[in-house]
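Residue numbering restarts at 1 for every chain, and letters A, B, ... go by the order of the sequence lines.
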Amino acid sequence: MFANRDLGAADVRALLARAGFDVRVQRPSRRTLLDTFDGRLHAARLRLELRDDDLRELILSEGGSPPAHVAVEAEPTFAADLPPGPFGGRLSSVIGVRALLPIVTVTAQRSVAVRRDAQGKNEVAVVVDDQIGVDGARLDCPTWVVSLDELEGYAKAAQRATRLLVSFGLSECGADILGMAAVAKGVDLHGYDGSPTVPLERGESAGAGFRRVLANLANDIDANWVGSVGDIDPEFLHDLRVAVRRTRSVLAEGKGVFPAAERVPFQSEFAWLGRATGGARDLDVHVIGWDAAVRPLGPSARLLLEPVRDHISGLRRIEHANLAAVLRSDRYRDLIDGWRTWLAAGDASSESDRPLGGVVADRFATNQRRLVGKGRKIGPGSPPEDLHALRKETKKLRYLLECFGGVFASKPRRAFLGRLKSLQDNLGEHQDTEVHAAQLLAVCEDLPLSDQTAAATLLAVGRLTEHLDRRRQAARDAFARRFADYDSKQTRRNCDDLLRSVSGS
Amino acid sequence: MKVLATYSIKGGVGKTTSAVNLAHEASRAGARVLVWDLDPQGAATYLFRVKPKVKGGAARMVGAKGELAAHIRATDVAAVHLVPADLSLRHLDLHLDDTKRPTERLASLLATVARHYDVALLDCPPSISLASESVFGAADALLVPVIPATLSSRALNQISRFLDGLPSPPDVLPYFSMVDRRKRLHRELTVSLAAEWPGFLTTIIANASAIERMGPKRSSVATVAPKGPAARAFHDLWSEVAVRLWA
């Protein structure tokens with residue numbers, strides 16, 4: 001981009017016209033940068049812009065590729081709102097179920113000046129944005145900018161245009177107008193960072209380290225509150241619940257670090273919060289996974305199952321209304337306010353002064369021992385509850401490694417998390433398919449169906465639950481091998497490396 | 001990236017018209033499109049107003065040390081880029097023959113730019129040659145325009161028989177082109193050929209003055225007559241193709 005305080009946008013347009021550019025009439029322009037709450041597009045080096053000029057279109061840009069355009073009638077919220085095709089596909093693969101949110105909006109009076117070659121083809125375009133506004137407020141400096149649109153294969157024409165702009169007395173002032181607007185508004189394009197890992201010192205006191213981890217998780221709960229209450233997208237509730245589970249897990253590991261009289265009441269209240277938000281999340285999972293679950297049954301079964309889907313969507317709306325009430329309740333507010341107050345207070349317990357590294361290493365070794373012990377007891381005849389209990393152990397260990405990641409060396413930690421995740425995936429598939437099938441049958445008990453459709457739809461539900469049961473059985477069959485891979489010499493070596501990395505401080 | 005080729009053994013059946021208009025429609029549907037003009041006549045290059053010049057000639061583009069990226073030009077259609085053609089492409093077969101695996105050469109060149117595009121549309125010259133085999137090796141689907149005439153079924157059969165001999169042949173998506181509904185033969189053959197070839201796309205591209213005006217205007221029908229029946233037909237044709245590709 002180029003600008004000059006001593007010139008006006010009209011001067012630049014006149015100079016461009018004199019230099020042989022075809023300068024088009026100024027038109028109002030509105031451009032909104034869209035991204036998810038956690039900046040997934042920015043992280044993937046993609047830029048999505050909603051442009052309202054002559055027509056309303058979405059523009060998806062990626063360095064080195066031509067920007068893709070698609071006309072839209074309304075601002076899309078989800079990738080699924082877009083017509084099927086590569087545009088929606090690319091977007092969907094990056095943002096998943098997350099909602100697109102407006103990050104910053106730039107308005108301007110825009111004119112485009114083009115220079116054509118002997119074929120009559122545009123070889124370079126210069127865009128003049130005048131009377132720039134950011135999110136409704138006029139920008140004082142610069143009030144106008146000039147951008148150069150370099151076209152693939154026409155680098156020399158772009159170089160000539162750059163020299164021309166410099167000869168007008170313009171100087172470079174940033175990469176692009178939306179980036180400039182984000183800076184002016186103080187927006188961090190990286191989005192919200194929900195990482196549970198905070199900087200920790202192995203030698204610092206356990207109490208201080210635990211509190212810093214818990215404070216970070218409290219920030220996560222707060223950050224995801226608005227999106228959960230407003231049902232903006234299902235990831236807000238998911239992330240809020242993960243932060244709550246991690247909080248409970250870290251509090252449980254804080255035995256000895258924090259007095260039980262302080263720790264246990266919070267554990268109990270966070271357990272309540274977990275339960276109170278579970279119903280809405282279970283139904284979210286049904287809705288998100290619906291297409292993938294019913295696809296293997298074929299299009300006719302999919303059609304027959306539509307009443308079930310509609311019923312689940314209706315239940316989901318009710319559960320989300322209940323969820324909003326929970327998150328707005330006095331009990332929730334008291335919990336969070338009390339929690340923040342407690343986090344800011346000092347430590348008073350036997351282990352709170354111990355070095356953090358040693359405490360975390362002890363917890364890690366104990367959890368890993370317990371996990372392996374429980375896993376070894378599981379045989380072909382073990383009830384599903386044993387596998388569910390093992391899944392809880394894997395979660396505890398994972399939360400410990402993620403939340404206290406700062407005390408471990410990163411390479412063995414990443415390797416260990418990979419091993420753990422592989423086991424967790426198997427246990428997750430086993431439990432999720434079982435819960436999913438059971439919930440589906442429960443939902444069907446009060447499904448409003450007409451006599452004509454009831455039998456066919458219920459038969460389709462039967463096929464769906466059968467399919468889920470086959471998936472559950474496949475996960476059950478794969479468990480022994482998956483656990484053997486985990487309960488291996490390599491994992492033990494990996495464990496030793498992790499523990500050494502903590503004690504090596 | 002999905003690779004499509006407008007292809008026919010016969011000339012003058014609407015391959016280039018289709019390539020240019022489908023590229024425009026694909027881009028309007030949100031795809032990033034690379035059109036590769038493989039015809040030495042360079043008609044697609046002309047319609048996109050790009051200079052008909054292949055730097056260093058076809059040898060430097062498809063030869064053993066050739067590369068595609070350096071030859072790509074933006075067009076005036078958003079999200080549509082073009083690899084232009086010039087007369088040096090008349091020796092395309094010879095240059096391909098100089099490479100180690102000529103029938104895989106176009107595919108390997110396209111692979112180098114695949115991450116930047118969703119669709120590559122190859123506009124092929126009317127022939128069946130080594131270059132055609134290389135196109136078959138690269139393409140996911142051949143878009144075959146068919147004028148409803150007595151010999152059209154024979155030409156389709158020839159393509160089909162040839163492709164049957166390949167290890168992984170592209171899909172063949174024939175569609176009617178340059179149809180004149182005033183002609184009884186056209187009306188009859190659009191029915192009988194479609195019955196004979198169940199894979200026929202249902203959209204019919206009829207003769208239209210807007211298509212004829214593409215030449216003098218050097219633009220797609222969506223630019224020449226955006227609300228006309230020809231623009232709608234190409235829009236529908238692309239929608240049908242997209243369903244086959246992404247459904």
Within 6.0 Å of CZ in R90(B), more than 12 heavy atoms from elsewhere: yes
Sequence neighbours left out, what passes side-chain hydrogen bond (donor to acceptor under 3.5 Å, both in side chains) with T223(B)? Give chain and number order. S220(B)
Are more than 12 heavy atoms from other residues, nucleotides or ligands located less than 6.0 Å from atom CZ of R56(A)? yes
Pair R115(B) + E62(A), salt bridge at N-O below 4.0 Å: no
Considering non-hydrogen atoms only, spot the tightest contact between L151(A) and A74(B) and give its length. CB-CB, 3.9 Å
Restricting to non-hydrogen atoms, name the atom on A79(B) and the atom on A68(A) that form the minimum distance, rounded to 0.1 Å. CB-CA, 4.2 Å
Mind checking the CD-CZ spacing from E57(A) to R28(B)? Nearest 0.5 Å is all I need. 11.0 Å
Minimum heavy-atom separation for E152(A) to A69(B), with atom names? OE2-O, 4.4 Å
I'd like to know whether CD of Q41(B) has more than 12 heavy-atom contacts from other residues, nucleotides or ligands below 6.0 angstrom. no
Using a 4.5 Å heavy-atom cutoff, which residues in residues 86-113 of chain A come close to chain B? P86(A), F87(A), R90(A)
Say you draw a straight line from OG of S65(A) to CG of L34(B); how long is it, rounded to the nearest 0.5 Å? 11.0 Å
Contacting region of V119(B) [heavy-atom separation from chain A under 4.5 Å]: neither
Note: G63(A) and H116(B) closest approach over all heavy atoms is O-CE1, 4.3 Å
Heavy-atom pair with the smallest gap, counting every atom of P52(B) and Q119(A): CD-NE2, 4.1 Å
Return the set of residues passing side-chain hydrogen bond (donor to acceptor under 3.5 Å, both in side chains) with D149(A) (not counting sequence neighbours), or none when no residue passes. none
Sort Y117(B) into side chain, backbone, both or neither according to what part of it lies under 4.5 angstrom from a heavy atom of chain A. side chain
Quick one: salt bridge (charged side-chain N to carboxylate O under 4.0 Å, His left out) pairs with a partner in residues 56-76 of chain B, sequence neighbours left out? K121(A)-D76(B)
Heavy-atom count around H71(B) NE2 within 6.0 Å, excluding the residue itself: above 12? yes
Pick from A118(A), G85(A), G120(A) with the largest number of heavy-atom pairs that fall under 4.5 Å of chain B: G120(A)
Considering only heavy atoms, which portion of A242(B) lies under 4.5 Å from any heavy atom of chain A: side chain, backbone, both, or neither? neither
CZ/R244(B): more than 12 non-hydrogen atoms of other groups inside 6.0 Å: yes
